[in-house]
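Take a look at the structure below.
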Amino acid sequence: MALSNVVETPASGFNFENVCRNVALEGLLQGGQTKAPKPMKTGTTIAGVLCKNGVVLGADTRATSGEVVADKMCAKIHYISPNIYCCGAGTAADTEKTTDLLSSNLTIFSMNSGRNPRVVMAVNILQDMLFRYRGQIGASLILGGVDCTGNHLYKVGPYGSIDNVPYLAMGSGDLAALGILEDRFKADMEMEEAKELVRDAIHSGIMSDLGSGNNIDICVITKQGVDYIRPYQESEYKDKRQRRYKYRPGTTSILTEKIVPLELEVVQETVQRMDTA
Amino acid sequence: AIMFTQVYGDNGKMKEYHYTGPVEHRFSPYSFNGGTVLAVAGEDFAIVASDTRLSEGYSIHSRDSPKCYKLTNTTVIGCSGFHGDCLTLTKIIDARLKMYKHSNNKSMTSGAIAAMLSTILYGRRFFPYYVYNIIGGLDEEGKGAVYSFDPVGSYQRDTYKAGGSASAMLQPLLDNQIGFKNMEGVQHLPLNQEKAVQLVKDVFISAAERDVYTGDALRICIVTKEGIKEETVPLRKD
């Protein structure tokens with residue numbers, strides 16, 4: 001019996017309503033001399049490694065908006081289902097919403113079928129959606145999970161491409177992380193060794209890439225369960241300031257004060273007892 | 001994504017042709033190498049501070065490339081922006097300082113260097129040096145002086161100024177802590193050297209937290225009548 005109520009089939013052809021709207025908005029804003037807000041990109045380093053008993057995913061925690069750090073402790077490892085987690089790089093809103101949508105759809109599937117979803121199912125749904133939007137959704141995702149068929153690690157690109165490989169890195173710091181992974185990855189590593197490898201890969205991305213930084217999050221998925229360690233390692237730099245910058249009350253001047261009394265009269269009064277037992 | 005904004009024209013309708021056609025790739029003679037500079041003038045001292053990170057795009061070229069350059073015993077200049085132009089400009093300034101010394105048998109004063117720099121920069125009005133300069137030093141009376149410039153030579157004397165990539169984050173903080181702006185009922189204590197150095201360190205720590213181009217280390221040059229003292233403080237490296 002086909003579970004056709006899981007993902008609704010979209011209308012035929014590509015849906016570009018929003019692209020037309022965006023182009024029109026750009027035109028309007030240019031005339032009004034305001035700039036369209038820049039979407040917040042995560043400018044990230046994310047990595048994933050398959051090991052003997054499961055999958056290890058890692059990510060940094062910096063979100064940038066252009067050259068400014070917008071969030072120093074953002075969570076890039078998203079929950080998809082109890083056995084599948086997903087790291088997201090690219091436009092922050094896109095990764096959040098896409099993974100949320102996927103998670104909701106897979107929860108419905110789990111309830112209907114009584115099973116944990118398989119990783120390939122998550123990958124196929126993602127690929128379907130991202131391809132349909134022709135790259136307009138800027139989400140580069142690393143999916144990792146353990147299901148009845150084994151441990152899986154997949155990469156899904158923003159245009160809908162898939163890669164099924166034992167170790168991966170994505171984001172602006174991917175080349176730095178991949179250097180470490182290429183050097184030290186071995187098939188069937190022990191769990192602790194894999195965690196250290198992912199930590200080192202993310203650390204290399206943090207130090208070499210300006211778009212990545214701050215702390216390192218790690219998520220370990222095994223048949224027994226998930227260990228979401230946030231943060232796995234805090235950045236060793238502690239910003240110790242030399243002076244205290246506190247302002248006494250009254251430092252901000254009050255320029256004007258206006259008090260408007262509200263003239264109210266009691267028209268009706270009712271008392272209702274609340275049952276607080 | 002790039003393809004689609006060019007497929008749809010200004011009125012929102014699809015253009016007649018679908019491919020983008022020949023694309024002209026322009027060579028840009030400039031590139032932005034990041035970095036932040038800061039200068040503070042006190043009663044009898046001046047401080048010029050800069051971070052030491054040299055970057056391009058999302059990569060780091062060097063973690064140890066300070067942007068303060070010593071000009072004379074009483075003047076230090078901080079240059080940030082395009083590193084190629086920073087190097088050339090400081091070479092030109094050094095040459096001009098030597099020429100002045102040989103002709104006039106004395107070193108240039110801070111005010112004179114500032115005026116000269118303004119003409120050097122305006123000389124390249126139509127192909128500017130992509131450099132944000134801040135000069136810090138002592139004037140003829142021994143008081144601290146700060147001169148801030150724009151890339152084509154407009155300058156003025158200030159008490160404090162921030163320039164470079166994190167300037168928009170630092171300047172308001174300095175306005176509040178040194179200029180006592182936006183504060184009511186606070187004693188206007190004159191800035192002494194120790195407090196100024198602490199403030200500069202704290203302000204750069206904050207800049208490094210939120211600006212990706214600022215970090216690695218902080219180089220502080222303190223100019224007093226005894227000479228120029230340099231101090232290096234580590235900042236976050238990520």
Side-chain angles (χ1 to χ4, degrees), chain A residues 16 19-27 30 43 45 60-62 64-70 72 91 133-138 158-159 171-173 175-176 203 205-215 235-245 247-255, chain B residues 1-15 32 34 53 55-61 63 165-166 168-169 173 176-177 180-187 194-216 233-238:
Chain A
F16 290 111
V19 177
C20 302
R21 176 206 71 180
N22 288 346
V23 171
L25 270 178
E26 279 285 313
Q30 240 52 300
T45 308
D60 74 307
T61 59
R62 173 183 284 185
T64 50
S65 187
E67 64 182 42
V68 178
V69 176
K72 295 194 269 191
T91 308
Y133 281 91
R134 297 286 266 156
Q136 301 286 349
I137 296 186
Y159 286 83
S172 57
L175 291 177
H203 183 74
I206 284 175
M207 298 306 277
S208 315
D209 176 45
L210 297 177
S212 317
N214 299 91
N215 309 321
S235 101
E236 62 260 8
Y237 181 80
K238 296 281 171 236
D239 51 347
K240 278 204 284 285
R241 296 205 170 60
Q242 312 223 324
R243 283 171 60 187
R244 295 178 57 80
Y245 296 92
Y247 298 99
R248 278 180 304 103
T251 304
T252 304
S253 48
I254 300 175
L255 298 176
Chain B
I2 305 164
M3 200 170 73
F4 273 88
T5 48
Q6 286 169 312
V7 166
Y8 285 82
D10 288 320
N11 54 0
K13 290 202 165 112
M14 262 181 129
K15 285 198 207 154
F32 182 62
R53 171 177 282 176
S55 46
E56 187 165 349
Y58 271 136
S59 315
I60 299 180
H61 281 315
R63 294 194 198 272
S165 62
M169 290 183 203
L173 191 47
N176 178 259
Q177 293 293 316
F180 303 105
K181 304 269 170 67
N182 297 104
M183 289 207 292
E184 199 65 19
V186 175
Q187 251 188 320
E194 194 194 314
K195 269 224 308 239
V197 172
Q198 281 178 343
L199 181 65
V200 165
K201 288 180 186 167
D202 288 348
V203 138
F204 263 94
I205 289 174
S206 302
E209 287 284 315
R210 289 286 176 175
D211 180 32
V212 304
Y213 295 123
T214 305
D216 290 325
V233 170
L235 291 173
R236 51 185 322 144
K237 294 179 163 40
D238 59 6

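Throughout, protein chains are lettered first and strands after them, A, B, ... in sequence-line order, and every chain is numbered starting at 1.
- For chain A, no part of B:T214 is nearby; none of its heavy atoms comes within less than 4.5 Å.
- Of the possible donor and acceptor atoms, none in the side chain of B:R210 sits under 3.5 Å from a partner among the backbone N and O of B:M169.
- For B:K237, the side chain to side chain contact (heavy atoms under 4.5 Å, CB included) partners are A:M207, B:R63, B:D216, not counting sequence neighbours.
- In terms of the side chain to side chain contact (heavy atoms under 4.5 Å, CB included) criterion, B:N182 has no residue partners (sequence neighbours excluded).
- Chain A forms the most heavy-atom pairs under 4.5 Å with one residue out of B:M183, B:E209, B:K195, and that residue is B:E209.
- Between the side chains of B:S206 and A:R241, at least one donor-acceptor pair of N or O atoms lies under 3.5 Å.
- At a threshold of 4.0 Å, the pair B:D238-B:R236 counts as salt-bridged, since one of the basic side-chain nitrogens sits closer than that to a carboxylate oxygen.
- For A:T251, the parts lying under 4.5 angstrom from a heavy atom of chain B are both the backbone and the side chain.
- Contacts between B:Q177 and chain A at a heavy-atom distance below 4.5 Å involve the side chain alone, from C-beta outward.
- Put simply, of A:T252, A:V68, A:N214, the one with the most heavy-atom pairs under 4.5 Å next to chain B is A:N214.
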